[in-house]
2 protein chains.
Amino acid sequence: MITKQTDTLFKHFEDYIKLSDALKTALTERLVFKTFKKGELVHDANKVCTKSYFIQKGLMRVYFLKDGKEISEYFPAEGEWSNSPRSFRTRQVDIYYIDAIEQVDAFCLGVTDLMYLFENFPEMERYARLSMGTVFGHFMERITSMRFTTAKEKYDHFISTYHDIYHRIPLGMIASYLGITQETLSRIRAEK
Amino acid sequence: MITKQTDTLFKHFEDYIKLSDALKTALTERLVFKTFKKGELVHDANKVCTKSYFIQKGLMRVYFLKDGKEISEYFPAEGEWSNSPRSFRTRQVDIYYIDAIEQVDAFCLGVTDLMYLFENFPEMERYARLSMGTVFGHFMERITSMRFTTAKEKYDHFISTYHDIYHRIPLGMIASYLGITQETLSRIRAEK
DNA sequence: ATAATTTTTTGATATAGGTCAAAAGCTGTG
DNA sequence: CACAGCTTTTGACCTATATCAAAAAATTAT
C-alpha cells in the first residue's frame with residue numbers, strides 16, 4: 001500500500017499547532033492527491049469554489065479578467081493553500097480563476113471535509129486562525145508596497161517577497177500583478 | 001451599578017458564533033471601556049501593540065510614516081476592531097501608528113485576556129477565524145481596486161467601500177490611503 | 001470676533017509610465 | 001528542421017498625475 005506523501009502538509013500544520021494522531025488520520029483520509037498539467041485550469045470563476053489545494057510541487061496563478069485581460073492576483077506555491085478565498089468561504093461565485101503555471105502536485109481538501117474537521121477538531125480552528133494571520137500580514141505588506149510610487153519600487157518589493165519563485169513566473173503575469181504594463185516591466189529589467 | 005454597553009459588541013460576535021452566557025460574562029469581565037479625544041494617539045509604532053479596541057462610536061486611522069509623511073493604511077470605524085495587526089499577533093513592533101480621527105468610545109481587550117479566551121472558549125477561535133475571513137475579503141478587494149489604473153477609479157472604489165464614513169475623513173488622509181496626491185484628489189472631487 | 005494654523009483648491013509645468021506598433025526571441029509540434 | 005504561436009523587447013509618442021507654488025477656505029485657538 002502506498003502512503004500519501006503528507007509530510008510537507010503536516011509540517012506546515014505543525015508551524016501552528018500540535019497535530020494529534022487522530023487529526024493526522026482524519027486529514028489523511030480526506031485528502032485526495034491530484035496533479036495538474038502546465039496551463040490547466042484549476043478553478044473556474046463561473047463555479048463556486050469547493051476545493052482547496054495544498055501545493056506540494058509547482059506553482060499556480062490566481063487571476064481575474066479585466067477588460068478581457070488576465071490580471072494576476074497572486075501566485076500560490078509549494079507549501080501554500082490555493083483556492084478562491086471568498087468563493088470558498090461564502091459558497092458563492094467570485095471573479096477569480098486559478099490555473100497552473102507549472103505542472104503541479106497537490107492535495108485536495110473539499111469544503112465539506114474541512115467543515116467536518118472544524119467541527120470535530122477544535123485545534124483546526126486555531127490552525128486556520130493562525131495561518132490566516134500569516135497570510136493577512138503578507139497582504140497588508142503588499143498593500144503598503146502598492147502605494148510605493150515608482151514601478152521600480154513595486155518590482156523590487158515583488159522580487160523580495162517572491163525571491164524564491166519570481167524567475168518561474170512569466171513577465172506578463174508579473175506586470176499585471178504589479179499593475180504596470182509589461183513594456184514598462186521589460187524596461188525596468190533591462191536597465192541595471 | 002452601571003452595566004457596560006456591550007450590546008454592539010455582542011451583536012458583532014453573534015454575526016459569527018452563538019454567544020454562551022459564560023462567554024458573555026468572561027468577555028464583560030475583561031473588557032475595559034475607554035475613550036479617546038480627537039487627534040489622540042491610540043497606538044505608538046515604537047511600542048508592541050498589546051491591546052485591541054472594539055469601536056463603539058467614532059473613527060480611527062491606522063497609518064505609517066514614509067519619508068516623513070503620514071500614509072493612511074485604513075480607517076477602523078464603529079463595529080470594528082482596531083489594532084496594529086502584525087504587532088498584536090507577533091508581539092513585535094511594527095510600522096503602524098493609530099490615532100483617533102474623531103472622539104472615540106471603545107472597548108479595550110488585552111492580548112493576554114484574548115489568549116485566555118482562546119484557551120477556554122473554543123468558539124472564540126471560530127469567531128476569530130470567521131471574522132478574519134471577512135476582513136481578509138475586504139483586503140483582497142482593495143488590492144484588486146488598487147490596480148485600477150486611473151485615480152478616479154480608485155476614488156470611486158473607496159467611496160463605495162467606505163460610503164458610510166468617507167465624508168468624515170479629511171481629504172489628505174484619503175489621498176494617502178489611495179496612493180495619490182491630495183491635489184489630484186481635490187481635482188477629481190471638483191470635476192463632476 | 002480676530003488671529004493663527006491647518007486643510008483644500010487652483011494654476012503652471014515636468015515626467016513616469018501608458019499606448020500603439022513592430023521586431024526579435026522562444027517553445028513546442030508535425 | 002521549419003513553421004506557428006507565444007512572450008519579450010525596443011521605439012516613438014502622448015497623457016494622467018506628480019511637483020512646486022501660492023491663494024482661498026475652513027478650523028482651532030486666543
Side-chain angles (χ1 to χ4, degrees), chain A residues 36-41 58-61 63 65-72 75 97 99-103 145-159 162 165-192, chain B residues 36-41 58-59 61 63 65-72 75 97 99-104 145-159 162 165-192:
Chain A
F36 294 96
K37 286 195 290 280
K38 180 176 175 172
E40 194 177 342
L41 200 66
L59 190 55
M60 293 186 184
R61 167 181 65 145
Y63 68 98
L65 297 176
K66 187 178 193 228
D67 305 329
K69 294 203 289 194
E70 298 174 352
I71 312 290
S72 308
F75 307 101
Y97 294 82
D99 67 3
I101 292 182
E102 302 169 347
Q103 117 87 31
S145 98
M146 290 195 81
R147 249 171 333 205
F148 286 168
T149 37
T150 72
K152 173 115 187 5
E153 278 178 298
K154 286 178 194 155
Y155 180 64
D156 287 343
H157 183 266
F158 169 79
I159 294 300
Y162 276 106
I165 53 169
Y166 76 91
H167 53 279
R168 291 153 61 186
I169 306 170
L171 175 139
M173 292 183 187
I174 296 175
S176 74
Y177 170 93
L178 295 174
I180 62 179
T181 61
Q182 49 180 42
E183 291 94 327
T184 298
L185 181 52
S186 174
R187 281 183 249 262
I188 286 169
R189 279 190 171 171
E191 75 201 27
K192 85 145 182 182
Chain B
F36 294 96
K37 286 196 288 280
K38 180 175 178 173
E40 194 177 343
L41 200 67
L59 190 55
R61 167 181 65 147
Y63 67 97
L65 298 176
K66 188 180 192 226
D67 305 328
K69 293 204 289 192
E70 298 175 353
I71 311 290
S72 307
F75 307 100
Y97 294 81
D99 67 4
I101 291 181
E102 302 169 347
Q103 117 86 31
V104 166
S145 97
M146 290 194 79
R147 250 171 330 207
F148 286 168
T149 36
T150 72
K152 173 116 187 4
E153 277 178 299
K154 287 178 194 156
Y155 180 64
D156 287 344
H157 183 267
F158 169 79
I159 294 299
Y162 276 106
I165 53 169
Y166 76 92
H167 54 277
R168 291 154 60 188
I169 306 170
L171 175 140
M173 292 184 187
I174 296 175
S176 74
Y177 171 93
L178 296 174
I180 62 179
T181 61
Q182 52 181 38
E183 291 94 326
T184 299
L185 182 51
S186 174
R187 281 183 249 262
I188 287 169
R189 279 188 170 173
E191 73 201 28
K192 84 150 184 182

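Throughout, a chain's letter reflects where its sequence line sits, starting with A, and its residues are numbered from 1. Keep in mind that what you see is a predicted model, and the values were worked out from it rather than measured.
- Nearest-nucleotide assignment on DNA chain D puts the 5′-proximal partner with T184(A), out of T184(A) and A151(B).
- In this structure, L171(A) atom CG and dG25(C) atom P are separated by 16 Å, rounded to whole Å.
- The distance from atom CD of E191(A) to atom C1' of dA16(C) is 11 Å, rounded to the nearest whole Å.
- Straight-line distance from the OH atom of Y155(B) to the P atom of dT8(C): 11 Å, rounded to whole Å.
- Using a 4.0 Å heavy-atom cutoff across all strands shown, I180(A) reaches sugar-phosphate atoms only and no base atom.
- Between R61(A) and E70(A) there is a salt bridge, with a side-chain nitrogen of the basic residue lying less than 4.0 Å from a carboxylate oxygen of the acidic one.
- The distance between atom CD of Q103(A) and atom P of dT27(C), rounded to the nearest whole Å, is 18 Å.
- Comparing M173(A) and G179(B) against DNA chain D, the residue whose closest nucleotide sits nearer the 5' end is M173(A).
- Residue R187(A) places its side chain closer to dT19(C) than to any other of dG17(C), dT9(C), dT19(C).
- A parallel orientation is assigned to the rings of Y63(B) and Y97(B), their planes being inclined by less than 30° (bins at 30° and 60°).
- Side-chain proximity of E183(B) to dG18(C), dT10(C), dC20(C): nearest is dT10(C).
- Using a 4.0 Å heavy-atom distance criterion, K38(B) is classed as a sugar-phosphate-only contact.
- Overall, the helix from dA1(C)-dT30(D) to dG30(C)-dC1(D) carries an axis bend of 50° between its ends, with five pairs at each end and the value rounded to 10°.
- Atoms CD (Q182(B)) and P (dT10(C)) sit 14 Å apart, rounded to a whole Å.
- Straight-line distance from the CD1 atom of I188(B) to the P atom of dT10(C): 14 Å, rounded to whole Å.
- The CD atom of E183(B) lies 4.5 Å from the OG1 atom of T181(B); values are rounded to the nearest 0.5 Å.
- Rounding to the nearest 0.5 Å gives a distance of 10.0 Å between CG of L65(A) and CG of D67(A).
- We find that CG of L185(B) is positioned 13 Å from P of dT10(C), with the value rounded to whole Å.
- By the 6.0 Å contact criterion, NZ on K38(B) is open, its count of non-hydrogen atoms from other residues, nucleotides or ligands being 12 or less.
- Below 30°, between 30° and 60°, or above 60°: for Y155(A) and F158(A) the angle between ring planes is below 30°, a parallel geometry.
- For the pair R168(A) CZ and dT27(C) P, the computed distance is 16 Å after rounding to whole Å.
- Without hydrogens or angle criteria, S72(A) side chain to S176(A) main chain gives no donor-acceptor distance under 3.5 Å.
- Between chain B and DNA chain D, the heavy-atom contact criterion of under 4.0 Å yields a 5' to 3' nucleotide range of dT17(D) to dT28(D).
- Counting only distance, with no hydrogens or angles, the side chain of R147(B) and the backbone of Y177(A) share a donor-acceptor pair below 3.5 Å.
- Note that the CZ atom of F148(A) and the CG atom of L178(A) stand 13.0 Å from one another [nearest 0.5 Å].
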